[in-house]
Amino acid sequence: MPMNDSPLHTINCRMQPEPAALERVLQVVRKRGFAIERFGAEHEAGQLRIRLSCSGRRCPHMLRAQLNKLCGMESVCLTPSVATASNERLPGALQVQPAV
């Protein structure tokens with residue numbers, strides 16, 4: 001369930017395109033208490049480039065540190081955001097709808 005009143009955090013990652021790489025990223029985000037609001041990934045120049053927006057009340061720097069520990073992760077960049085999950089759009093990314 002999206003956390004509509006929580007700050008929206010945008011994370012850009014570069015990692016090696018290994019089997020289940022995306023699943024590992026999504027699992028870390030979920031286990032750390034964040035809800036994925038938008039998600040996009042592409043294979044470019046031998047790397048997997050991931051951009052996601054997530055909401056949550058926990059510290060986003062902790063999430064960045066945990067993502068950095070993933071096998072095959074090359075970089076994680078956290079973009080500060082003052083918007084909330086209910087009012088920001090991430091161009092070119094998939095909109096994740098809550099399960100009904």
Side-chain angles (χ1 to χ4, degrees):
M1 179 168 78
M3 301 172 198
N4 290 333
D5 294 334
S6 300
L8 189 66
H9 310 288
T10 300
I11 298 174
N12 293 292
C13 305
R14 283 187 303 121
M15 65 186 311
Q16 297 173 1
E18 300 171 351
L22 291 175
E23 289 90 341
R24 290 194 308 266
V25 169
L26 298 175
Q27 183 179 33
V28 168
V29 172
R30 181 182 55 81
K31 283 189 174 184
R32 297 297 177 231
F34 290 85
I36 295 173
E37 304 294 339
R38 289 158 200 85
F39 179 84
E42 63 185 358
H43 192 265
E44 182 181 291
Q47 292 182 327
L48 189 57
R49 298 175 70 81
I50 304 164
R51 182 172 180 174
L52 63 92
S53 290
C54 57
S55 60
R57 299 201 185 276
R58 298 186 71 186
C59 177
H61 299 286
M62 174 271 308
L63 177 58
R64 184 188 66 199
Q66 292 299 313
L67 289 170
N68 264 324
K69 294 178 184 180
L70 287 176
C71 181
M73 186 62 73
E74 294 181 5
S75 70
V76 178
C77 179
L78 176 65
T79 304
S81 178
V82 294
T84 61
S86 61
N87 70 1
E88 177 145 327
R89 300 255 182 240
L90 183 62
L94 298 173
Q95 177 72 34
V96 178
Q97 299 296 327
V100 179

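Every heavy atom of this structure was used, including side-chain atoms; hydrogens, water molecules and symmetry mates were not.
Expressed to the nearest 0.5 Å, how far CZ of R51 lies from SG of C77 amounts to 10.0 Å. How far CG of L48 is from CD of Q16: 10.5 Å, rounded to the nearest 0.5 Å. Here the CZ-OG distance, from F34 to S53, works out to 12.5 Å after rounding to the nearest 0.5 Å. Atom CD1 in I36 sits 9.5 Å away from atom OG in S55 (nearest 0.5 Å). Separation of atoms CZ (R14) and CD (E74) is listed at 6.0 Å; rounding is to 0.5 Å. To the nearest 0.5 angstrom, I50 atom CD1 is 7.5 Å from L26 atom CG.
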Checklist entry - For I11 and R64, what are the C-alpha separation, side-chain angles and deciding distance, and is it a side chain to side chain contact (heavy atoms under 4.5 Å, CB included)? => result CA-CA 8 Å; I11 298 174; R64 184 188 66 199; 5.8 Å; no
Checklist entry - Between V25 and M73, is a side chain to side chain contact (heavy atoms under 4.5 Å, CB included) present by the stated rule, with each step listed? => result CA-CA 9 Å; V25 169; M73 186 62 73; 4.0 Å; yes
Checklist entry - Would H9 and L63 count as a side chain to side chain contact (heavy atoms under 4.5 Å, CB included) if you check the C-alpha gap in whole Å, the side-chain angles of each, and the deciding distance to 0.1 Å? => result CA-CA 10 Å; H9 310 288; L63 177 58; over 6 Å; no
Item to check | Step-by-step side chain to side chain contact (heavy atoms under 4.5 Å, CB included) determination, M15 to L67 | outcome: CA-CA 10 Å; M15 65 186 311; L67 289 170; over 6 Å; no
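A side-chain hydrogen bond (donor to acceptor under 3.5 Å, both in side chains) with Q66 holds for exactly one of H61, R32, K31; it is R32.
By the side-chain hydrogen bond (donor to acceptor under 3.5 Å, both in side chains) test, E18 is found to be paired with R24, residues two or more places apart in sequence or in another chain being considered.
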